[in-house]
Amino acid sequence: MTDDQLATSRHGAASENAGPRKAGAFDIRVVIAGLISFYGTVLIIMGLVMDSAANRAKTGDVNANLWAGIGMAAVAAAFAISVRLRPVIIESPAQPMESVGPPR
């Protein structure tokens with residue numbers, strides 16, 4: 001086995017780095033969906049566990065935590081669906097950064 005074949009087998013195919021790829025976890029929509037879903041989950045739990053007549057009286061007989069949590073979970077799901085349906089594609093540079101000369 002030659003050195004090139006050995007390097008390719010260790011680090012994957014050499015052509016993988018040359019083509020376009022998805023942003024994945026670096027897409028800002030993933031971070032936003034994660035944060036909103038976390039806060040939405042906390043609100044849903046609080047709405048189910050800490051529901052009392054005094055809290056409902058403050059909001060006009062509406063369980064505000066529960067409904068806000070459900071709304072946040074729906075928004076987080078919309079972000080997650082958006083990430084799946086329209087991923088951000090990152091193009092590889094035409095030449096590696098090492099071969100580019102200093103700015104003039």
J.: Taking side chain as C-beta onward, heavy atoms only, is Asn63 less than 4.5 Å from Arg56?
T.: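 A side-chain contact under 4.5 Å exists here.
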
J.: So, Ser82 side chain and Ala78 main chain: donor-acceptor pair closer than 3.5 Å or not?
T.: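 A pair under 3.5 Å: no.
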
J.: Calculate, to the nearest 0.5 Å, the distance between atoms OG1 and CG belonging to Thr59 and Asn55 respectively.
T.: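 If I round to the nearest 0.5 Å, the distance is 7.5 Å.
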
J.: Shared ILVMFWY cluster between Val62 and Ile44, side chains joined below 4.5 angstrom?
T.: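 Per the 4.5 Å side-chain linkage, Val62 and Ile44 are co-clustered.
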
J.: Minimum heavy-atom separation for Ala80 and Ala33, please, with both atom names.
T.: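 So the two residues come closest at N-CB, 4.3 Å.
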
J.: When clusters are formed by joining ILVMFWY residues with side-chain heavy atoms under 4.5 Å apart, either directly or through shared neighbours, do Val49 and Met72 land in the same one?
T.: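 They do share one cluster, since a chain of ILVMFWY contacts under 4.5 Å joins Val49 to Met72.
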
J.: State, to 0.1 Å, how close Met46 and Asn65 come at their nearest heavy-atom pair, and which atoms those are.
T.: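 For Met46 and Asn65, the tightest heavy-atom pair comes out as CB-ND2, 4.1 Å.
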
J.: Considering non-hydrogen atoms only, spot the tightest contact between Arg29 and Arg86 and give its length.
T.: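 That would be NH2-O, 2.8 Å.
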
J.: Any chain of hydrophobic side-chain contacts (each under 4.5 Å) joining Leu48 to Ile70?
T.: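 Looking at the clustering, Ile70 is in the same group as Leu48.
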
J.: Between Phe79 and Phe38, is there shared hydrophobic-cluster membership here, with clusters defined by ILVMFWY side-chain heavy atoms closer than 4.5 Å?
T.: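 Yes; Phe38 is reachable from Phe79 via cluster members.
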
J.: Hydrophobic clusters here meaning ILVMFWY residues chained together by side-chain heavy-atom distances under 4.5 Å, can you tell me if Ile36 and Leu66 are in one?
T.: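 No, no single cluster joins them.
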
J.: Given side chains that start at C-beta, do those of Leu35 and Val31 come closer than 4.5 Å, heavy atoms only?
T.: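 Yes, at least one pair of side-chain atoms sits under 4.5 Å.
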
J.: On a heavy-atom basis, which atom in Leu43 and which in Gly69 lie closest, and how many Å separate them?
T.: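 Looking at all heavy atoms of both residues, the shortest contact is CB-CA, 3.7 Å.
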
